[in-house]
**Student:** 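The structure that follows is given in the form of structure tokens.
Chain identifiers are assigned alphabetically (A, B, ...) following the order of the sequence lines, protein sequences preceding nucleic acid strands; residue numbering begins at 1 within each chain.
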Amino acid sequence: MSGQTLYDKLWQSHLVEQRDDGSALIYIDRQLIHEVTSPQAFEGLRISGRAPWRVDANFAVPDHNVPTERQERSGGVAGIIDPISRLQVQTLDDNCRDFQILEFQVNDVRQGIVHVVGPEQGVTLPGMTIVCGDSHTSTHGALGALAHGIGTSEVEHVMATQCLVQQKMKNMLVKVDGTLPSGVTAKDVVLAIIGKIGTAGGTGYAIEFGGEVVRGLSLEGRMTICNMAIEAGARAGLIAVDETTIEYVKGRPYAPSGAQWDLAVAAWRELHSDPDAHFDRVVELRGEDIKPQVTWGTSPEMVLPIDGVIPDPASMDNAAQRESTERALHYMGLKAGMAITDIRLDTVFIGSCTNSRIEDLRAAAAVVKGKKVAATVKRALVVPGSGQIKLQAEAEGLDKIFTAAGMEWREPGCSMCLAMNSDKLGAGEHCASTSNRNFEGRQGFGGRTHLVSPAMAAAAAVAGHFVDVRNW
Amino acid sequence: MKSFTVLKGIAAPMDRANVDTDLIIPKQFLKSIKRSGFGPNLFDEVRYLDQGEPGQDCSGRPLNMDFPLNQARYQGACVLLARDNFGCGSSREHAPWALEDFGLRCIIAPSFADIFYNNCFKNGILPIVLDADVVDRLFQQMYATEGYELSIDLERQVVQTPSGESIHFDVDAFRKHCLLNGLDDIALTLESAPAIRSFEQNWRQQSPWLFDVIR
């Protein structure tokens with residue numbers, strides 16, 4: 001019998017009941033809650049007269065709707081101008097109060113994007129099962145946890161039962177060996193992976209990311225990779241626990257300490273795939289081959305290296321591919337044969353649960369330091385992932401570097417990644433964005449998103465068009 | 001949840017791959033704290049010519065008549081024919097809520113994104129996976145025949161075309177059971193409460209750092 005994968009181990013340790021019909025009951029250690037996908041779940045509990053199974057397994061923070069402009073933010077919930085957003089954030093506060101769930105409210109200095117705050121606070125830990133009504137919950141897999149997004153019915157189900165009904169996924173290993181060239185980051189690695197396997201390549205799988213390049217990344221970089229596992233179709237991304245993981249978790253406010261820390265670390269050291277574990281699919285990439293990546297279309301798989309040119313649909317044999325390329329080029333206002341470096345930007349967005357951590361902000365600041373945003377770029381936003389990151393960045397003087405360059409330094413939240421607050425693209429605007437989705441309308445009606453790393457976004461802000469950050 | 005047993009009615013096309021949940025229901029409508037009323041905003045950005053806002057009366061908005069669901073021949077559709085990777089992207093259950101509220105109870109595609117697929121079953125919608133060439137054939141028949149109707153029998157796991165062809169589909173037994181009977185799966189899970197408690201007790205002893213910390 002072959003050994004177990006990391007996913008197999010996490011599944012096995014949380015298996016409450018295996019049923020004859022192939023479904024299983026899986027115990028959930030932590031549920032993260034935000035304002036958009038939870039109100040109907042709380043309402044469901046009230047209607048059915050059910051109480052949360054275990055209050056201390058839940059943690060809430062508003063992030064999707066919160067304003068990021070200081071003025072609007074300073075008024076707290078009551079100061080949110082959009083009445084529908086205000087009601088949604090207020091509803092989260094009310095529900096957490098009524099059900100006694102710990103919440104970092106909008107102006108708590110620990111508030112931020114739920115997937116940034118969880119690991120930062122030690123609310124999410126290695127070895128856990130973690131769910132949230134948000135597809136980017138895969139982020140937490142970087143800690144060696146089994147984490148994935150769920151719908152609102154399942155949010156209610158987990159609140160009421162502490163379990164999920166699940167089918168076991170298949171195992172995929174994405175192995176990135178070798179070394180990354182200077183200027184190439186975790187974001188470029190994950191975009192290159194999506195470019196290779198496609199946005200449905202991981203459907204039905206839990207993807208474990210491994211290899212020398214992944215091992216060499218910081219925990220922040222690993223989170224960027226696992227965050228976008230869902231963009232490859234995989235609900236869960238995973239990375240084995242190592243010294244980097246344990247060092248990252250140590251001393252976090254809600255992480256164990258003392259004797260419990262030692263116990264926990266001993267358990268966490270088992271959280272890796274066995275050498276003889278079987279994977280249903282293995283995909284391999286070489287770090288040296290990866291260049292800075294830019295998406296040109298309306299799906300994350302429509303991605304090219306910075307020295308690429310826009311593909312020509314006329315040269316495609318597959319009718320469906322030709323049609324979707326034509327549609328994407330029409331929406332994006334781009335022509336076949338155009339160089340990626342000729343794409344001009346109107347807006348730059350540095351933020352989101354993919355790339356708003358301190359390391360991301362440092363990388364962007366290093367690029368713009370002493371320079372100015374191009375006159376043709378109308379707006380460049382830098383939105384830290386949490387209040388803690390904002391404080392850290394300010395202590396390092398990064399905010400001054402951004403504002404001196406002509407960028408806006410904002411309050412933490414999801415912001416322009418999905419444009420539920422007032423940070424949106426105008427129709428037809430091209431945006432260099434460090435977020436995770438370039439779908440039609442994602443960042444605003446008619447907006448055109450190009451996904452890139454923080455360093456690439458910062459360089460594009462200064463140049464006014466995409467440039468190769470390796471030559472910066 | 002509404003049960004799903006047999007469904008017969010007009011099939012309509014959503015003829016492109018990788019239809020994401022942002023396209024099914026754009027983000028501005030996610031601000032609602034309700035579960036209902038999303039139907040008028042289903043596929044909002046391609047269905048209307050203007051930009052939709054939450055709370056707006058959609059009856060007077062300019063329609064995009066190139067969009068099939070606006071065309072006379074597809075009125076009253078309850079089956080949606082779709083392409084690969086339907087429902088990719090965000091986990092928003094507002095997507096199946098919007099489809100259901102619009103009246104679409106069955107989606108047939110060569111593949112679905114995982115979270116969306118799962119969310120459908122929680123809302124009385126049956127997502128059916130068929131081979132790409134079979135789906136393609138259904139598309140062609142539908143385009144060629146005004147008033148094209150499909151009938152879906154979940155118990156027998158069969159899609160029947162107007163010409164009488166029966167196409168078998170697979171569905172997980174547990175999900176089928178819940179959908180056929182319109183069951184609330186929370187109540188079903190709570191039947192296992194003793195097993196959950198016993199698991200939890202052992203788990204607490206083994207991993208005490210996971211308990212009583214977040215409060």
Side-chain angles (χ1 to χ4, degrees), chain A residues 16-17 19 21-23 25 27 29 36-37 39-40 50 55-59 65 84-85 87-88 91 102 123 128 133-135 149-154 156-157 160-163 165 167 199-200 203-204 233 235 254 256 260 263-264 267 299 320 324 327 418-420 437 439-442 445, chain B residues 16-18 20 22-23 26-28 30-35 45-46 51 54-55 83-85 88-94 96 111-116 118-119 122-123 172-175 177 184-190 192-193 195-196 199-200 203 206-215:
Chain A
V16 174
E17 203 171 80
R19 295 169 173 171
D21 59 17
S23 66
L25 214 51
Y27 189 81
D29 293 314
V36 178
T37 56
Q40 300 87 351
R50 291 180 178 126
V55 170
D56 72 295
N58 297 281
F59 166 79
N65 270 284
I84 313 177
S85 290
L87 175 63
Q88 203 169 48
T91 302
L102 176 67
V123 166
M128 278 183 170
D134 189 281
S135 59
I150 55 177
T152 298
S153 294
E154 289 186 324
E156 183 184 343
H157 190 281
T161 69
Q162 214 51 51
C163 288
V165 180
Q167 301 273 358
T199 49
T203 303
R235 274 187 302 169
Y254 292 95
Q260 291 217 352
L263 259 179
S299 162
S324 70
R327 188 194 300 275
L418 86 168
M420 275 191 77
R437 289 192 175 132
F439 299 153
E440 289 183 24
R442 169 82 180 180
F445 186 73
Chain B
R16 55 160 121 173
N18 299 316
D20 58 72
D22 280 78
L23 191 69
K27 68 259 167 199
Q28 63 268 35
L30 275 50
K31 296 181 189 184
S32 168
I33 57 170
K34 301 199 180 103
R35 213 179 244 272
E45 291 188 357
V46 284
Q51 186 178 347
R83 300 290 187 182
D84 264 315
N85 201 27
C88 62
S90 124
S91 65
R92 60 189 70 165
E93 200 160 315
H94 311 67
S111 62
F112 292 90
D114 284 343
I115 302 177
F116 174 82
N118 195 38
N119 283 342
K122 313 285 182 192
N123 293 284
D172 158 62
F174 177 73
R175 286 168 167 151
H177 173 69
D184 165 2
D185 61 354
I186 294 179
L188 282 181
T189 298
L190 286 173
S192 298
I196 302 171
F199 174 91
E200 196 168 55
W203 191 231
Q206 217 176 312
S207 314
W209 62 87
L210 298 177
F211 291 81
D212 302 327
V213 179
I214 308 296
R215 48 174 54 183

**Student:** With a 4.5 Å cut-off on heavy-atom pairs, point out which of M128(A), E154(A), R19(A) contacts chain B the most.
**Tutor:**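 Heavy-atom pair counts peak at E154(A).
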**Student:** Side chain from CB out, backbone as N, CA, C, O: work out which of these in D212(B) comes under 4.5 Å of a heavy atom of chain A, or both, or neither.
**Tutor:** both
**Student:** Please state whether the side chain, the backbone, both or neither of T189(B) comes within less than 4.5 Å of a heavy atom of chain A.
**Tutor:**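 Both parts, backbone and side chain.
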**Student:** Please list, chain by chain and in numerical order, all residues satisfying ring-ring contact (aromatic ring centres under 6.0 Å, His included) with F59(A), sequence neighbours excluded.
**Tutor:** F104(A)
**Student:** Among N118(B), I186(B), L30(B), which residue forms the greatest number of heavy-atom pairs with chain A at distances under 4.5 Å?
**Tutor:** I186(B)
**Student:** Has E93(B) got a side-chain atom pairing as donor or acceptor with N119(B)'s backbone, closer than 3.5 angstrom?
**Tutor:** no
**Student:** Given a strict heavy-atom distance threshold of 4.5 Å, which part of A320(A) is in contact with chain B: side chain, backbone, both, or neither?
**Tutor:**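 Neither; nothing under 4.5 Å.
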**Student:** Is there a side chain to side chain contact (heavy atoms under 4.5 Å, CB included) between D29(A) and W203(B) once you walk through the steps?
**Tutor:** CA-CA 10 Å; D29(A) 293 314; W203(B) 191 231; 2.8 Å; yes
**Student:** For R235(A) and I115(B): C-alpha separation, side-chain torsions, deciding distance, then whether side chain to side chain contact (heavy atoms under 4.5 Å, CB included) applies.
**Tutor:** CA-CA 7 Å; R235(A) 274 187 302 169; I115(B) 302 177; 3.3 Å; yes
**Student:** Does the salt bridge (charged side-chain N to carboxylate O under 4.0 Å, His left out) test come out yes or no for R92(B) and D22(B), once each step is laid out?
**Tutor:** CA-CA 9 Å; R92(B) 60 189 70 165; D22(B) 280 78; 3.5 Å; yes
**Student:** As an exercise: rank R215(B), Q28(B), E200(B) by heavy-atom pairs under 4.5 Å with chain A and give me the winner.
**Tutor:** E200(B)
**Student:** Between A195(B) and chain A, with a heavy-atom cut-off of 4.5 Å, which part of the residue counts as in contact: side chain, backbone, both or neither?
**Tutor:**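 For A195(B), heavy atoms of backbone and side chain both lie under 4.5 Å from chain A.
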**Student:** Checking D185(B) now: which residues fulfil side-chain hydrogen bond (donor to acceptor under 3.5 Å, both in side chains) with it, not counting sequence neighbours?
**Tutor:** K122(B)
**Student:** Sort out for me which of D184(B), N85(B), I33(B) touches chain A most, counting heavy-atom pairs under 4.5 Å.
**Tutor:**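 Of the candidates given, the most pairs with chain A belong to I33(B).
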**Student:** Please classify the contact of H177(B) with chain A as side chain, backbone, both or neither, using a heavy-atom distance under 4.5 Å.
**Tutor:** neither
**Student:** Checking heavy atoms, do the side chain of E17(A), its backbone, both or neither come under 4.5 Å from chain B?
**Tutor:**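 Contact with chain B: side chain only.
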**Student:** Among R327(A), Q162(A), Q167(A), single out the residue with the greatest number of heavy-atom pairs under 4.5 Å to chain B.
**Tutor:** R327(A)
**Student:** Step by step, work out the side chain to side chain contact (heavy atoms under 4.5 Å, CB included) result for N18(B) and F439(A).
**Tutor:** CA-CA 10 Å; N18(B) 299 316; F439(A) 299 153; over 6 Å; no
**Student:** What is the minimum heavy-atom distance between Q260(A) and P208(B), and which atoms define it?
**Tutor:** NE2-CB, 3.6 Å
**Student:** Give the intermediate values and the outcome of salt bridge (charged side-chain N to carboxylate O under 4.0 Å, His left out) for residues E440(A) and R16(B).
**Tutor:** CA-CA 13 Å; E440(A) 289 183 24; R16(B) 55 160 121 173; 3.2 Å; yes
**Student:** Looking at S299(A), A200(A), G233(A), S324(A), which makes the most heavy-atom pairs under 4.5 Å with chain B?
**Tutor:** A200(A)
**Student:** Check whether S90(B) gets within reach of chain A through its side chain, its backbone, both or neither, counting any heavy atom under 4.5 Å.
**Tutor:**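 Both backbone and side chain of S90(B) come within 4.5 Å of chain A.
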**Student:** Please classify the contact between V165(A) and chain B as side chain, backbone, both or neither, with a heavy-atom cut-off of under 4.5 Å.
**Tutor:** side chain
**Student:** Side chain, backbone, both or neither: which part of R442(A) has an atom under 4.5 Å from a heavy atom of chain B?
**Tutor:** both
**Student:** So, for P39(A) and Q88(A), which heavy atoms are closest and what is the spacing to 0.1 Å?
**Tutor:** CG-NE2, 4.4 Å
**Student:** So which of V46(B), L210(B), D20(B) has the biggest tally of heavy-atom pairs under 4.5 Å with chain A?
**Tutor:**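 Counting heavy-atom pairs under 4.5 Å, the top option is D20(B).
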**Student:** With chain B as the partner, which of V123(A), L87(A), I84(A) has the greatest number of non-hydrogen pairs under 4.5 Å?
**Tutor:**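 That would be I84(A).
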**Student:** Where do N58(A) and I214(B) land on the side chain to side chain contact (heavy atoms under 4.5 Å, CB included) test, with the steps shown first?
**Tutor:** CA-CA 7 Å; N58(A) 297 281; I214(B) 308 296; over 6 Å; no
**Student:** Can any side-chain N or O of D114(B) pair as donor or acceptor with the backbone N or O of G204(A) at less than 3.5 Å?
**Tutor:**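 Judged by distance alone, yes, a pair lies under 3.5 Å.
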**Student:** What I'd like to find out is whether the side chain of D84(B) reaches to under 4.5 Å of the side chain of F112(B), using heavy atoms alone.
**Tutor:**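 Answer no - side chains too far apart.
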**Student:** Tell me, side chain or backbone of P54(B) under 4.5 Å from chain A's heavy atoms, or both, or neither?
**Tutor:** both
**Student:** Non-hydrogen atoms of chain A under 4.5 Å away: do they reach the side chain of K34(B), the backbone, both or neither?
**Tutor:**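 Just the backbone, heavy atoms under 4.5 Å.
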**Student:** Using heavy-atom distances under 4.5 Å, tell me whether Q51(B) contacts chain A through its side chain, its backbone, both, or neither.
**Tutor:**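 For Q51(B), the contact with chain A is made by backbone and side chain together.
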**Student:** Please look at F116(B) and chain A and tell me whether the side chain, the backbone, both or neither of the residue comes under 4.5 angstrom of a heavy atom of that chain.
**Tutor:** neither
**Student:** Tell me which of these, L23(B), D172(B), L188(B), N123(B), has more heavy-atom pairs under 4.5 Å with chain A than the rest.
**Tutor:**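 Option with the greatest count: D172(B).
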**Student:** Under a plain distance cut-off of 3.5 Å, with no hydrogens placed, do Q40(A) and T152(A) share a side-chain donor-acceptor pair?
**Tutor:** no
**Student:** Can you tell which of S192(B), G89(B), A173(B), A17(B) has the highest number of heavy-atom pairs within less than 4.5 Å of chain A?
**Tutor:** G89(B)
